[in-house]
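As the structure is a computational prediction, the values presented were derived from the model and not from experiment. Protein chains get the first letters and strands the later ones, always in sequence-line order, with residue 1 at the start of each.
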Amino acid sequence: MTVKTRFAPSPTGYLHIGGARTALFSWLYARRHGGSFVLRIEDTDQERSTPEAINAILDGMAWLGLDYDEGPFYQSQRGERYAEVIDQLLASGHAYRCYCSKERLDSLREDQRARKQKPGYDGRCRDIVEPPADAEAEPVIRFRMPTEGAVHIDDRVRGHVSFQNSELDDLIIARADGSPTYNLVVVVDDMDNGMTHVIRGDDHLNNTARQVNILRALDVAPPSYAHVPMILDEDGRKLSKRSGSASVMDFRDQGYLPEAVVNYLVRLGWSHGDQEIFTPEEMIANFDIDAINQSASSLNASKLAWLNQNYMKTLEPAYVGEHLAWHLRQLGVDPDAGPSLAALVACQAERTKTLVEMAHNSLFFYRAPSEYDDKAARKNLKGDATQALATVRERLSGLDDWSVEAIHATVQGTAEALGLKMGKVAQPIRVAVSGGAVSPPIDSTLALLGKETSLARIQAAEAWIAENLSEA
RNA sequence: GCUCCCAUCGUCUAGCGGUUAGGACGCCGCCCUCUCAAGGCGGAAACAGGGGUUCAAAUCCCCUUGGGAGCACCA
């Protein structure tokens, strides 16, 4: 049997990070077994399903690089099929019309809670033949849940889980307006699409028994289920949109590479021995549902950051440069008006954790510092730096070969000639060209900056020193 | 309240009856060094508690505690 998995998000306006991991697991499992991965949009709730909300899901998937073999399918377009199944269930006696009003249902639940019982439908319309005389509204349709026996599920990550049917009430499968509800729709779609493996969040574990019973009524064998645990935030709490990292796009905005996010996600709840870094091929080759953890896991930003830096260092610099360009534009910088992005990435990657940080720390390559960092200037742009700056500038200006090696030799030669330590020459230059005390190695920095710009900024620093001395 | 699920360093995890309880992130120290990093080396850090089963339990069973999910004409 060919493996078929699906990811079935409801369009909430963004791709949730937990959903993204579920999608990744499903995708990996399908890829691993040469199967098919399906994307299905659960948009039966008309009000929430806007085109924007749907696009947010699609964009998130694309950003992560999760492609699908079939779909996207939209449940909103399958109304006829659902109606057909509902009729079938009605005809076979597995479903019935319920005329109870919402008011009655609400007070029923209230009473049950007051009596410390589990709220649920009491089955009043379960066996009636004719609509009650006092029926006010259009009826809903309920599934006739078995009252005896149990449902046993062999969950691929939870193991054996069972539910007594007596715990299950008769759920509504069609609203008064005839539209189908979630539990019915999921069952029909998974059945029609021929899903072999349903990998989903464990918030659905409780629904599974109901769905299996519906499948039984339809005389269809249930798929293999795998309920993966939730992802919690750094404090071990439920992820909320307000935490700023519930959406995968939040991670993009925070400067993470999709490769890092994917690698981070795959190791959250899944492991393969001690391996931390996985290429996509390695993930596919080694992914296994049986190695998924049973307990919830918390997001940890510093580990993600470490992975991100790892990918910034090891991925093709030109590729990372494309992502950096996006962030530079966010800062109002034209990425084409500076050094080669690949070269920039090559020397910034090992000193920044995120693309946002990289972009910020690279701003001086695009515009001269508007002012010097106070502390850095006080320490390095003092009177005694004038000679060092003037000397290197003069020597650098004579350089025909503006290469890292030549610049390095020149700066070092200047230090030696002046009897100074390397730092006494390099640091003033660094502050002069970058405005602060931190930058890539001074030779690389100047090489990236270009000869003209470098010399001009050094000269400007000399002038600044002279001005500050005269004022003092 | 009822039903279901979960529990190893701060975090992600390895472990699937016998280990000095391993790795990774982070943290601390040392080395390297023109800054910041990166890198190398070293270190601190965990089996929630209590009962069983067994020659032997982090591993199996039960209870407690603590988390989480579900109980909609939402998905």
*Asks:* Atom NE2 of A:His197 and atom OG1 of A:Thr5: how far apart are they, to the nearest 0.5 Å?
*Replies:*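 These two atoms lie 8.5 Å from each other.
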*Asks:* Please list, by residue number, the residues of residues 305-313 of chain A whose heavy atoms come closer than 4.0 Å to an atom of RNA chain B; answer none if no residue qualifies.
*Replies:*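 The answer is A:Trp306, A:Gln309, A:Lys313.
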*Asks:* Given that A:Leu105 and A:Ala296 both sit by RNA chain B, which one's nearest nucleotide is further toward the 5' end?
*Replies:*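 Whichever sits nearer the 5' end wins; that is A:Ala296.
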*Asks:* Show each protein N/O and nucleotides 27-31 of chain B N/O combination with a separation under 3.5 Å, one pair to a line.
*Replies:*
none

*Asks:* Using salt bridge (charged side-chain N to carboxylate O under 4.0 Å, His left out) as the criterion, list what pairs up with A:Arg113, not counting sequence neighbours.
*Replies:*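 Counting only residues at least two positions away or on another chain, A:Arg113 forms no salt bridge (charged side-chain N to carboxylate O under 4.0 Å, His left out).
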*Asks:* Rounded to the nearest 0.5 Å, how far apart are CG of A:Leu171 and CD1 of A:Ile214?
*Replies:*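 Those atoms lie 5.0 Å apart.
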*Asks:* Show me the side-chain donor-acceptor pairs of residues 411-427 of chain A shorter than 3.5 Å, one per line, residues at least two apart or across chains.
*Replies:*
from     : atom 1 : to       : atom 2 : distance (Å)
A:Thr414 : OG1    : A:Thr410 : O      : 2.7
A:Gln427 : OE1    : A:Arg430 : NH1    : 2.4

*Asks:* B:rG39 and B:rC47: how far apart are their P atoms, nearest whole angstrom?
*Replies:*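 Pairwise P distance, B:rG39 against B:rC47, rounds to 30 Å.
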*Asks:* Is A:Pro229 touching bases, backbone alone, or none of the nucleic acid, heavy atoms closer than 4.0 Å?
*Replies:*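 No contact.
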*Asks:* Just to verify, what does A:Arg457 make a side-chain contact (heavy atoms from CB on, under 4.5 Å) with, not counting sequence neighbours?
*Replies:*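 A:Phe364, A:Ala368, A:Pro369, A:Val433, A:Leu449, A:Thr453.
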*Asks:* Using the rule given for ring pair (Phe, Tyr, Trp, His ring centres under 6.0 Å), can you reason through A:His160 versus A:His152, listing the C-alpha separation, both sets of side-chain angles and the distance that settles it, and then say yes or no?
*Replies:* CA-CA 7 Å; A:His160 176 259; A:His152 296 271; 5.0 Å; yes
*Asks:* Under the salt bridge (charged side-chain N to carboxylate O under 4.0 Å, His left out) test, which residues partner A:Arg378, sequence neighbours left out?
*Replies:*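 Only A:Asp374 meet the salt bridge (charged side-chain N to carboxylate O under 4.0 Å, His left out) criterion with A:Arg378.
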*Asks:* State the CG-CE distance between A:Asn213 and A:Met145, to the nearest 0.5 angstrom.
*Replies:*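 Nearest 0.5 Å value for the CG-CE distance: 5.5 Å.
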*Asks:* So, applying salt bridge (charged side-chain N to carboxylate O under 4.0 Å, His left out) with A:Asp170, which one of A:Arg126, A:Arg97, A:Arg124 is it?
*Replies:*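 Testing each of A:Arg126, A:Arg97, A:Arg124 against A:Asp170, the sole residue satisfying salt bridge (charged side-chain N to carboxylate O under 4.0 Å, His left out) is A:Arg126.
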*Asks:* Expressed in whole Å, how much space separates the C1' atoms belonging to B:rU11 and B:rU3?
*Replies:*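 Nearest-Å result for B:rU11 against B:rU3 at atom C1': 31 Å.
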*Asks:* Is the phosphate of B:rC25 approached by A:Ser302 (side-chain N or O, under 4.0 Å from OP1 or OP2)?
*Replies:*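 For B:rC25, neither OP1 nor OP2 has a side-chain N or O of A:Ser302 closer than 4.0 Å.
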*Asks:* Measure from the side-chain heavy atoms of A:Ser295 and tell me the nearest of B:rA72, B:rU35, B:rC6.
*Replies:*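 For the A:Ser295 side chain, the nearest candidate turns out to be B:rC6.
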*Asks:* Watson-Crick or G-U wobble partner for B:rU11, using a 3.5 Å limit on both distances?
*Replies:*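 Paired with B:rU11, as far as the under-3.5 Å criterion goes, is B:rA24.
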*Asks:* Got a sec, which residues hit side-chain hydrogen bond (donor to acceptor under 3.5 Å, both in side chains) with A:Tyr311, two or more places apart in sequence or on another chain?
*Replies:*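 A:Tyr311 satisfies side-chain hydrogen bond (donor to acceptor under 3.5 Å, both in side chains) with A:Asn263 only.
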*Asks:* Please, which pairs that meet salt bridge (charged side-chain N to carboxylate O under 4.0 Å, His left out) have at least one residue in residues 301-313 of chain A, sequence neighbours excluded?
*Replies:*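 Every salt bridge (charged side-chain N to carboxylate O under 4.0 Å, His left out) pair that includes a residue of residues 301-313 of chain A, provided the two are not neighbours, is A:Glu276-A:Lys303.
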*Asks:* Just to verify, what does A:Lys118 make a salt bridge (charged side-chain N to carboxylate O under 4.0 Å, His left out) with, not counting sequence neighbours?
*Replies:*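 Only A:Glu167 meet the salt bridge (charged side-chain N to carboxylate O under 4.0 Å, His left out) criterion with A:Lys118.
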*Asks:* What does A:Ser271 touch in the nucleic acid at a heavy-atom separation under 4.0 angstrom: a base, only the sugar-phosphate, or nothing?
*Replies:*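 Contact class for A:Ser271: sugar-phosphate only.
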*Asks:* Between A:Ile141 (CD1) and B:rA72 (C1'), how many Å, whole number?
*Replies:*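 In whole Å, B:rA72 C1' lies 17 Å from A:Ile141 CD1.
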*Asks:* Just the rounded figure in Å: distance from P of B:rC5 to NE2 of A:His160.
*Replies:*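 Computing the A:His160:NE2 to B:rC5:P distance gives 9 Å.
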*Asks:* Using a 4.0 Å heavy-atom cut-off, does A:Val140 contact any base of the nucleic acid, only the sugar-phosphate backbone, or nothing at all?
*Replies:*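 Counting heavy atoms under 4.0 Å across all strands, the contact made by A:Val140 includes a base.
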*Asks:* Compute the centroid of each ring, for A:Phe25 and then for A:Trp270, and state whether the two points are separated by less than 6.0 Å.
*Replies:*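 No, too far apart.
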*Asks:* Return the pairing partner of B:rC32 with a 3.5 Å limit on both distances, Watson-Crick or G-U wobble; otherwise return none.
*Replies:*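 Check on B:rC32: unpaired, no WC or wobble geometry under 3.5 Å.
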*Asks:* I need the NE2-P distance between A:His227 and B:rA75, as an integer number of Å.
*Replies:*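 Taking atom P of B:rA75 as the reference, NE2 of A:His227 is at 17 Å.
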*Asks:* Tabulated below should be each protein N or O lying under 3.5 Å from an N or O of nucleotides 19-23 of chain B; please produce it.
*Replies:*
from   : atom 1 : to       : atom 2 : distance (Å)
B:rG22 : N2     : A:Asp274 : OD1    : 2.9
B:rG23 : N2     : A:Glu276 : OE2    : 3.0

*Asks:* Please say whether the positively charged group of A:Arg142, taken as NZ for Lys or CZ for Arg, lies over the ring of A:Tyr121, i.e. under 6.0 angstrom from the six-membered ring centre and within 45 degrees of the axis.
*Replies:*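 The answer is yes; both the distance and angle limits are met.
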*Asks:* State the pairing partner of B:rA69; accept Watson-Crick or G-U wobble contacts with both distances under 3.5 Å, and report none otherwise.
*Replies:*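 Partner of B:rA69: B:rU3.
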*Asks:* Quick check: on RNA chain B, is the nucleotide nearest A:Ala426 upstream (toward 5') of the one nearest A:Gln75, or the reverse? Name the residue that is more 5'.
*Replies:*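 Looking at RNA chain B, the more 5' nearest nucleotide goes with A:Ala426.
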*Asks:* With heavy-atom distances below 4.5 Å as the criterion, would you say the side chains of A:Phe251 and A:Pro258 are in contact?
*Replies:*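 SC-SC contact between A:Phe251 and A:Pro258 ruled out.
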*Asks:* Can you name the salt bridge (charged side-chain N to carboxylate O under 4.0 Å, His left out) partners of A:Asp192, sequence neighbours left out?
*Replies:*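 Applying salt bridge (charged side-chain N to carboxylate O under 4.0 Å, His left out) to A:Asp192 gives A:Arg78, A:Arg81.
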*Asks:* Respond yes when some side-chain nitrogen or oxygen of A:Ser162 is under 4.0 Å from OP1 or OP2 of B:rC4, and no when none is.
*Replies:*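 Indeed not, no polar side-chain atom of A:Ser162 lies that close.
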*Asks:* Figure out the CD/P separation between A:Gln275 and B:rC12, and round it to whole Å.
*Replies:*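 One finds 20 Å between P of B:rC12 and CD of A:Gln275, rounded.
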*Asks:* Check this one for me: any side-chain N or O of A:Lys353 less than 4.0 Å away from OP1 or OP2 of B:rG26?
*Replies:*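 So the side-chain polar atoms of A:Lys353 do come within 4.0 Å of the phosphate oxygens OP1 or OP2 of B:rG26, strictly under.
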*Asks:* How does each nucleotide of nucleotides 57-71 of chain B score, in 5' to 3' order, for protein heavy atoms under 4.0 Å: base (B), sugar-phosphate only (S), or none (-)?
*Replies:* ------------BBB
*Asks:* Under 4.0 Å from OP1 or OP2 of B:rA75: is there any side-chain N or O of A:Thr44 that close?
*Replies:*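 Yes, such a contact exists.
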*Asks:* Does the B:rC34 base have a donor-acceptor partner in the side chain of A:Arg430 within less than 3.5 Å?
*Replies:*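 Side chain to base: pair present.
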*Asks:* Considering only atom C1', compute the distance from B:rG17 to B:rC61 and round it to an integer number of Å.
*Replies:*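 B:rG17 and B:rC61 have their C1' atoms separated by 14 Å.
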*Asks:* Partner of B:rA56 by Watson-Crick or G-U wobble geometry, both contacts under 3.5 Å, or none?
*Replies:*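 Paired with B:rA56, as far as the under-3.5 Å criterion goes, is no nucleotide at all.
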